[in-house]
Amino acid sequence: MAQIAQVLVDVPTMQTDRPYSYQIPTAWQSQVQPGMRVVVPFGRGKRRVQGLVLKCDDVTTFDGDLKAIDAVVDLAPVLNHEGLELSAWLAQSTFAFQITCAQTMLPAVMRAKYVKILRPTATTSAQVQQDLFATETSVVYDQVATTPEAVSRLLRLQAAGEVDVYYQVKNQARKKTIMGIKATLSAAEFDQALGDVRKGAAKQVALLNGLQTLNGEVLPQKDFEQRFDVSDAVIRTGVQKGWLKKQPLEVYRDPYATADIQATKPLTLNDEQQVAVDQITAAVNQPATTTFLLEGVTGSGKTEVYLQSIAAVLAQGKTALMLVPEISLTPQMVQRVKGRFGKAVAVLHSGLSSGEKYDEWRRIKRHEAQVVVGARSAVFAPLDNIGLIIMDEEHESSYKQDDAPRYHARQVALWRSQYHHCPVVLGSATPSLESRARAEKGVYQRLVLADRVNKRPLPKVSIIDMKNELQKHAESNFSQALLVALQDRLDRHEQSVLMLNRRGYSSFVLCRDCGFVLKCPNCDISLTLHMDTHTMKCHYCGHEEAIPRVCPNCHSRQIRYYGTGTEKVEEELRDLLPDARIIRMDNDTTRKKGAHAKLLTRFGSGEADILIGTQMIAKGLDFPNVTLVGVLNADTALGLPDFRASERTFQLLTQVSGRAGRAEKTGHVYIQTFNPDHYAIRFAQHHDYEGFFKYEMRMRHQGGYPPYYFTVQLTASDLDEAIAAKRMYQLLQWLKPRLTPNTVILGPTPKPIARVNRRYYYQIVIKYKQDPNLTATLSTLLQETQAQQRQGLQIAIDVEPLHFM
DNA sequence: AGCACGCCGACT
DNA sequence: GTCGGCGTGCTC
């Protein structure tokens, strides 16, 4: 019987990341288990925080008085053995705190909320009682401590013992309930009651007869009312007469409950697909884990391979995890999986409310779902007995989390596959260089789907040199060739998709007299014009202000918006092709829940001729009537100071090209660019992944970049630019002697966007092939910089960053 | 984070 | 002399 629990405390900004020992009260000694959340007192005051039990035993290295656990939050562990091990590994491999990792793995509602509460004491004076509490017995600290004077007064009162401080740890997890009906009468009592009913009270008789069929079950009131045709009024009468009880009934919020999902049958596989499914399923029961790299051009039927592999795994009584990028987690996609596996599927994505996510999490935990489909964080889904992990579009950068813990879902998937001895399938038409290189070395096993289903040809790709176009018509977003093609599709009643590379391509306000550009007061970038809300917005910090009518600098009225956002493109297109029906899809039009799906459905049902959008339209959508794809600005990403710029451009172009001509009609792709001879664009034109891979690998080799080197990025930020820079130079001096001589340290350099949210950013990049000292050095750095956070300096450690800006 | 301890300047 | 500023250290 364990008496002492090792508890990880929920104070992530703390200097130390280690468990604390707590006494387990005798009454709970048989209940408390590792992986449960508890509430513990922490610190000198009366502070109470949530903690996670790591271990239960009878020993502690701490030689002082142990405090006791205050409350046990969970009846069963929220993290099992795997979850605890995984959180520890994640903390160590991403240089994050274990409690932060554990919180990332759990639904957001499980994070405790803390409320500081003031209560009167026995010695509270009438005056204080009056103006602090009035008639209440407690007040929330934040509501009364609004001014510095109020704060110091409260401190004095607390010291004098006139008010008592109390911390409430709130569990936000709420189970959704609906009202249920439960019969309370025995069979004999029913007959008695039926006899007592006044003549002509037909509804009461119906109610009693209905109740008799329940057999002690609790039925939702709504269902009961419908089935027996009784109203709430009659039910209330029944409650009064003691025939039945109303009782809350726990239900899951089902975000897809209303969608009528069509069952789908497995499709017939072609030879390549069959080979892939066979290989994957053969690896399921092997003691050694295999990682497959499934390379298949768009339209080659990767999804069908996933679905049939999952089916095989389910048939063995195991579970399956399928990861997709958030952006391609479309209703189309969800319906396809749900259509195949029905209720066994749980879906996790950012569009769900936190309550809905919690419900899906519980369904998985209780083994009510055997298949999980979800975006990045779904990799932590509490599945047991995993037989297969699939990661679609494995090259997508959204699999990497931008803030702590800065994990890549691929790494977590590989870790879990080791734990469960199950295969992983990494699927992509354009694998990341890292993964493709690993397949080359035999670390991953390569599976190739070279043919499109039904042997459809890939679309023809034309490259349009915008340098020539610009001379012909100034400042248009559309080349002549693209316009002609668009008009042609309109005439033939076929659809077109236009994509804008969002990066660096938004409308800003410029004064034509003095050249003044409206910038964010907090960040180092121009504000973006948003016509829908009629405001100027900062895309980095969210700052918002009115559109200026006169130039703030020279007071000229010649201030105009300029540049090419999706709105601007839409406007121009309406001018050029007044008859075209256009749908625009970008961050503004899809912000509302479900808007994304609605727009796609409208486009799919032929309500529009042209779909304009950013990157979000490049993925996953499959509309048979689309025969033209236009990329308005293929190369805005190429100019970025990031060695992955070519790779991203190639992937994006290849992907968006796949949107054209997926059905019987052949497609045509137009790529507008100022760099028509760039290799990323040329290889994309010829759908030549292999060519691109070989060429880009040479470039990476020459530059000493991944996959030939590993990288770690260190970023410092401070309100004062000089301090941020100075600290980075000190850090450089500190790092140098600690790392192996072969390790390259680049920087410090200011980040390309040097100021965000009033903070200045500087970075150091460490490149290495092998450095036995690195892990220890970075761990030390993490601990030491923690202490300096007080001074406002923040240092972030990012292992294998995907963005260098 | 949040609380206490402790060491310095400006007050009844 | 003390009240209160915030720099520093610790939390089982």
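Here the structure is a predicted model, which means the values were calculated and not measured. Chain A is the first sequence line, chain B the second, and so forth, proteins listed ahead of strands; every chain is numbered from 1.
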His420(A) versus Ile386(A), closest heavy-atom pair with distance: ND1-N, 3.3 Å

Aro-ring/base stack Phe42(A)-dT11(C), d under 5.5 Å, angle under 30°: yes

ring centroid sep under 5.5 Å plus plane angle under 30, Tyr20(A) with dC12(C): no

Atom-to-atom span, [atom1] of [X] to [atom2] of [N] - whole angstrom:
X         : N       : atom1 : atom2 : result
Arg18(A)  : dC12(C) : CZ    : C1'   : 8 Å
Leu8(A)   : dT11(C) : CG    : P     : 16 Å
Arg48(A)  : dA1(B)  : CZ    : P     : 21 Å
Leu154(A) : dG4(C)  : CG    : P     : 15 Å
Lys67(A)  : dC12(C) : NZ    : P     : 4 Å
Gln103(A) : dA1(B)  : CD    : P     : 14 Å
Asp17(A)  : dC12(C) : CG    : P     : 16 Å
Arg47(A)  : dT11(C) : CZ    : P     : 14 Å

Options dA1(B), dC10(C), dC12(C), nucleotide nearest the side-chain atoms of Arg44(A): dC10(C)

Between Tyr20(A) and Phe62(A), ring centroids under 6.0 Å: no

Check: Phe380(A) ring centre within less than 6.0 Å of Tyr407(A) ring centre: yes

Sugar-phosphate, base or nothing in reach of Lys46(A), heavy atoms under 4.0 Å: nothing

Touch class at under 4.0 angstrom, heavy-atom based, for Phe62(A) against every strand present: base

Electrostatic pair Lys357(A):Glu360(A) at N-O distance under 4.0 angstrom: no

